[in-house]
Amino acid sequence: MAEIPKAYDPAQFENAIYEEWLAKGIFVGDPSSKKKPFSVVIPPPNVTDVLHLGHALNNTLQDVLIRWKRMQGFETEWLPGVDHAGIATQVVVEKNLAREGLSRHDLGREKFVARVWKWKEEKFPQIINQLRKIGCSCDWSRTRFTMDEGLSRAVTEVFVRLYNKGLIYRGERIVNWCPDCLTTLSDDEVEREEVDSFLYYIRYKLKGRDEYLAVATTRPETMLGDTALAVNPEDERYKQYIGQTAILPILDRQLRIIADNYVDPQFGTGVVKITPAHDPNDFEVAQRHNLEKINILNRDGTLNDNAGKYSGLDRLDARQKLVEELKQKGYLLKIENYQLISGTCYRCGAVVEPFLSLQWFVKMKPLAEPAIAAVRSGKLRFHPEHWVKTYLHWLENVRDWCISRQLWWGHRIPVYYCRDCNQITVAGARPSTCPGCGGGHIDQDEDVLDTWFSSWLWPFSTFGWPDKTPELEKFFPTRALFTASEIIYLWVARMVMASYEFMGVEPFSDVYIHGTVRDANGIKMSKSLGNGIDPLLIIKNYGADALRASLMLVTPEGQDPSISEKTFEIGRNFANKLWSASRFVRMNLGDYKIRADMKLDDESLEMPDRWILSRLTRTLGLINNYLSGFRFSTAAKAAYDFAWNDYCSNYLEMIKPRLADKRDAAAGSAQVARECASFVLLSILKMLHPFMPFITEAIWKLLLEDQAQSSISTQPWPEMPLRYINQQLEEDVGTIIRLAEAVRAACSDLDVPPSKKPRVLVRCENPDTARMLNDHKEEVKNLAHSGEVLASIEMAKPPLSASAVIPGAEIFIPLEGLIDIEQERARLEKELEQKRAYLEKIQKKLNNSDFMANAPAEIIETEKEKLKKTDQIIEKLNKNLESLTGW
RNA sequence: GGGCAAUUAGCUCAGCUGGUUAGAGCGUUCGGUUCACAUCCGAGAGGUCACAGGUUCAAGUCCUGUAUUGCCCACCA
């Protein structure tokens, strides 16, 4: 019989095991299966770059759930894929081009897009490979990309449908403009930060009068686009000026002075310059008052001809020069320091400019309603629950979604313009002739769609929508979505909206929001900071299971995990423990062969066997509960504790002699121990498999030589009938464990070397305990690292012995010649002191008449019981202490 | 300016619906080459549960306020 190799070396087996899973087709979901479906779609990673630790966390969580459900007998489908990530990818590729001294304009649209595709062809397989290394059980036969043919068709279909329904419109609006990326940004793509800036006070002369009105502004250069001044209609200071005309300094443009409630009299001077083309508020004011909108910016952030002599300058340079001129000509009153909230491009960091342009929008209010109702009615749940507030806040205040982007990488907007008659056609395919005039001069809209316009369809477009496919039928709606909180608005809420609009149902029932991975200093891991950890490096150094188990064990539910490379030792050590324990069981099997479907003969089980089965049954119940409630970390810890403490430290230690006993007389007992140890080990492998798929599969194969063809991945999830839970047994073994601990502690305190193997005498309070201990001397000896054990109700304390008290029993360890009286006295006194403090605490409680009057009877009873027991223990400690005097 | 979360041992975190002497891992101290595992085993030290009030017989756990940290949202020029 082959033994399990001594060293746990994950690199030896991980790749081969993954290949085998693939070859067996275990991960492929079958739409024609009769089993109940359980599906998850991956949050498609951006094709911008390879995966980081955050992805490892995100995907491990999904894999744990999917593997658990697969073992539970569901038809599972975990659909993988990658996102084209519009602006993000375009920017990355442009930066790459820049190193060759080229811009995208040097290449032209077609060649540039080809270049991005090339990037995608490179990164895509790398990302897939990483997911495989991590062990993700994705259905690779259904891998999708947001710009592949099918998904592009879905995008066009959705655009056309929404347009025809009146939910997509084209309009002139103030949008966020990135002068470096040369595109519109949605509000969600603009990052806001406080910056130290200035508030400039400028005076505007009134027409035909020698009076001035002072105006405060943070962006003085925008005055070149002013078309009015505004005051609050209730502001007594300025009422008299309403309807008059002011003169714009430098350009001498005539500005109406209007009244609008938007103006806050408390802020600045109470007079606001109105620049309709470059401020969203001013735009609104201009609409109300029918003001002219003068655009002073070019797309690249330089000023245009409307700026007069400042034309051609960058807006920030122009600001300096203009302020200088205002100062010289006496228009500048003062400059104050001011904390400004500045918007910057989330991709390139450039200062975003409010910019008047013609864009495509989605009307969001009607789409938001069912998405709000879904959460209110409980059809859609968040874990942790508090995220519903974030979700609802956004949906309830949702604004129309600007979906056009002036980029080259993305889905082209399916809108066609006739050069001859200006007719607009929105269609799935380019019309050959204009439906309006029959002419053939047709241009497609130059812009592409926001990247989220494809990802909001992800849960159903990936299954073939708009076609009615068997996959869609079987696996949609999906069950759970795993993501970080940053994209609750950008993605999660929009998926819910799209699903209700096009599928009439929510896309998933549970949203699990996990934290963001931070480094040991609590700083968010990011590429730019260089504090990231490469998952592949961790896999190389520690193994994929160590990576996964560590992430699961240390990631607090719903909070950010702090992770350093050392974190992965936890998982690695645990994997090693599991390996070693399996090896130990394996080497003691003799001729016994484990079968995957092995059953236990309950009748022949001995006490430790029945105990570990009781513990196993409880643990499985806990894990099922935790996983059902998306409490992954708690579930992982329960499995970890059971495997390490109950199974390795206590059970295996207790049965060691039985396992190793080769005498004929012990054959039966030894065989039962082998069977039970094997059975529980198999259960441990199964319960750990979702968390640590590789090592559990590897050990599975080593243990089940004859059935090496089977995979643990498709084994049924372990289930234990509740009758295996045995409270009395757990208490008895609890007594044994406490006894052993007391012996070990005494020996350690008194510097008795373990090799000494001292005898242990136990004076029990009742005969049952004594009988139980005498019946299980071997177990006690093994756990206590002691010599002979003898228990009775009238055990005499031998002279010169160490003593200890546990509930229900006193322990004496004869140590003739070894014991240091003073040491032992000190031990007992310390113990006594602790018990006295405890006693005092209980007494205080019981002396409180309010407590006695109000607390439930059972609580009072347990307190009284505690008092009694502690009192007895103190008495025994005192006696044992006294017995030390005179030596 | 709003909202959300967090604050428990040196570090990272458990502690569910209030009631056994507040736990784990790492680190630390001491002791161990017992033939599964030194990626291990055993023992110990280490906590006024951020602060201040309150509810209660009883609060780490519930309420209010404060402080600190982090995140999200926000068109006051």
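Note that the structure is a prediction, hence the values are computed from the model and not measured. All chains are named by letter (A, B, ...) in the order of the sequence lines, taking the proteins before the strands, and each is independently numbered beginning at 1. Side chains included, hydrogens not; waters and symmetry mates left out as well; all remaining heavy atoms used.
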Within the structure shown, what part of the strands sits under 4.0 Å from [X] by heavy-atom distance: base, sugar-phosphate, or nothing?
| X | value |
| --- | --- |
| A:Asn848 | sugar-phosphate |
| A:Asp560 | sugar-phosphate |
| A:Phe283 | nothing |
| A:Val272 | base |
| A:Pro561 | nothing |
| A:Glu385 | nothing |
| A:Cys747 | nothing |
| A:Tyr338 | sugar-phosphate |

Sidechain-backbone polar pair: A:Arg237 side chain, A:Pro265 backbone, donor-acceptor under 3.5 Å: yes
Closest nucleotide among B:G19, B:C13, B:C76 to the A:Ile859 side chain: B:G19
Nucleotide nearest A:Arg518 when distance is taken to its side chain, options B:G70, B:G19, B:A77: B:G70
To the nearest Å, give me how far apart [atom1] ([X]) and [atom2] ([N]) are.
| X | N | atom1 | atom2 | value |
| --- | --- | --- | --- | --- |
| A:Leu224 | B:A77 | CG | C1' | 16 Å |
| A:Glu861 | B:A58 | CD | P | 21 Å |
| A:Asn645 | B:G25 | CG | P | 7 Å |

Within 6.0 angstrom of A:His289 NE2, more than 12 heavy atoms from elsewhere: yes
Paired and unpaired positions of RNA chain B as dot-bracket, Watson-Crick or G-U wobble under 3.5 Å, | denoting a partner strand: (((((((..((((.....[...)))).(((((.......))))).....(((((..]....))))))))))))....
Side chain to side chain donor-acceptor pair (under 3.5 Å): pairs with one or both residues in residues 261-278 of chain A, sequence neighbours excluded: A:Thr222-A:Lys273, A:Asp226-A:Lys273, A:Asp226-A:Thr275, A:Lys273-A:Thr275, A:His278-A:Asn295
Intermediate values then yes/no, side chain to side chain donor-acceptor pair (under 3.5 Å), A:Asn782 and A:Glu779: CA-CA 5 Å; A:Asn782 277 285; A:Glu779 285 81 1; over 6 Å; no
Look for any protein N or O under 3.5 Å of an N or O in nucleotides 43-49 of chain B and output each such pair with its distance, or none.
{"residue": "B:A43", "atom": "OP1", "partner": "A:Arg744", "partner atom": "NH2", "Å": "3.3"}
{"residue": "B:A43", "atom": "O2'", "partner": "A:Ser748", "partner atom": "OG", "Å": "3.3"}

Ring-on-base stacking B:U21 with A:Tyr838 (under 5.5 Å, under 30°): yes
Polar side-chain contact A:Lys566-B:C26 base: donor and acceptor under 3.5 Å: no
